[in-house]
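In what follows, a structure is listed as structure tokens, so that the remarks can point back to it.
Below, each value reflects all heavy atoms present in this structure, side chains not excepted, and no hydrogens, waters or symmetry copies.
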Amino acid sequence: IRLGTMMGIKWNDSNKLFALRNKISEIAMDEGKTMAQVCLNWTICHNAIPLVGTRSKAQASNSVGCLGWRLTESQVADLDRHALARSTLGKPRWRRLIFVVAISMLVLTYRLTSFL
């Protein structure tokens with residue numbers, strides 16, 4: 001299964017994807033940060049812990065640059081608005097239900113196997 005097909009991204013949705021990317025780029029330029037640092041900070045602003053995989057010192061250094069500063073509330077709201085414009089989990093609702101059930105089954109399986 002191709003990732004784009006699985007996520008429901010269609011070619012006519014590419015404008016929404018470019019709009020999100022442009023907004024991230026705009027904020028990165030305003031803050032003097034990289035796009036990756038903005039994305040990681042955005043994750044932190046949602047009280048989530050980003051799991052970052054790095055293959056080099058340069059990537060690790062870049063990732064650490066997301067710490068020690070915060071996006072403003074308006075920046076977070078702008079990014080949320082752009083991201084939700086292309087969200088596929090909310091529409092239709094059955095996709096979200098399947099996603100939640102699949103993840104729940106995965107977590108349950110993991111817990112059962114680690115218990116045994």
Side-chain angles (χ1 to χ4, degrees):
I1 297 176
R2 300 176 91 191
L3 183 59
T5 304
M6 190 171 73
M7 293 181 62
I9 298 173
K10 298 177 180 74
W11 288 109
N12 59 359
D13 288 342
S14 63
N15 288 339
K16 294 176 185 174
L17 194 57
F18 287 126
L20 175 60
R21 183 183 170 111
N22 289 339
K23 182 48 99 174
I24 293 169
S25 178
E26 177 187 316
I27 292 172
M29 287 180 15
D30 290 346
E31 296 292 331
K33 302 290 182 181
T34 65
M35 290 176 65
Q37 291 169 343
V38 170
C39 292
L40 291 171
N41 196 283
W42 181 25
T43 303
I44 292 168
C45 287
H46 284 288
N47 295 321
I49 300 170
L51 300 175
V52 181
T54 60
R55 296 182 182 201
S56 67
K57 283 185 180 181
Q59 284 180 336
S61 178
N62 184 31
S63 296
V64 170
C66 75
L67 303 173
W69 63 284
R70 283 279 203 190
L71 293 168
T72 65
E73 287 183 27
S74 65
Q75 289 171 328
V76 172
D78 282 346
L79 290 172
D80 289 346
R81 187 178 72 253
H82 282 84
L84 291 175
R86 62 166 291 278
S87 173
T88 58
L89 288 178
K91 35 188 176 182
R93 289 186 176 240
W94 62 267
R95 284 188 186 172
R96 182 180 182 102
L97 178 63
I98 289 173
F99 177 77
V100 169
V101 169
I103 295 299
S104 299
M105 294 300 291
L106 185 65
V107 169
L108 180 63
T109 302
Y110 172 76
R111 288 187 178 172
L112 285 175
T113 57
S114 64
F115 177 73
L116 299 175

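For the pair H46/D80, a side-chain contact is recorded, criterion being any heavy-atom separation below 4.5 Å from C-beta on.
Taking hydrophobic clusters as Ile, Leu, Val, Met, Phe, Trp and Tyr residues chained together by side-chain heavy-atom distances below 4.5 Å, W42 shares a cluster with W69.
Contact between C66 and Q37 at its shortest, heavy atoms only, is CB-O, 3.5 Å. The nearest pair of heavy atoms linking L79 to L20 is O-CD1, 3.9 Å.
Here L67 contributes atom CG and N41 contributes atom CG; the two are 8.0 Å apart, rounded to the nearest 0.5 Å. Atom CG of L71 and atom NZ of K33 lie 10.5 Å apart (nearest 0.5 Å). The OG1 atom of T72 sits 8.0 Å away from the CG atom of D78 when rounded to the nearest 0.5 Å.
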Please list every donor-acceptor pair under 3.5 Å in which a side-chain atom of residues 51-58 meets a protein atom from a residue at least two apart or in another chain.
unit_1: S56; atom_1: OG; unit_2: Q59; atom_2: N; d: 3.2

Only distances under 3.5 Å count here; give the side-chain donor-acceptor pairs of residues 24-31 to other protein atoms, sequence neighbours excluded, each with its distance to 0.1 Å.
unit_1: E26; atom_1: OE2; unit_2: K23; atom_2: NZ; d: 3.2
unit_1: E31; atom_1: OE2; unit_2: Q75; atom_2: NE2; d: 3.0

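Summarising the local packing, CG of L108 is surrounded by more than 12 heavy atoms from other residues, nucleotides or ligands at distances under 6.0 Å.
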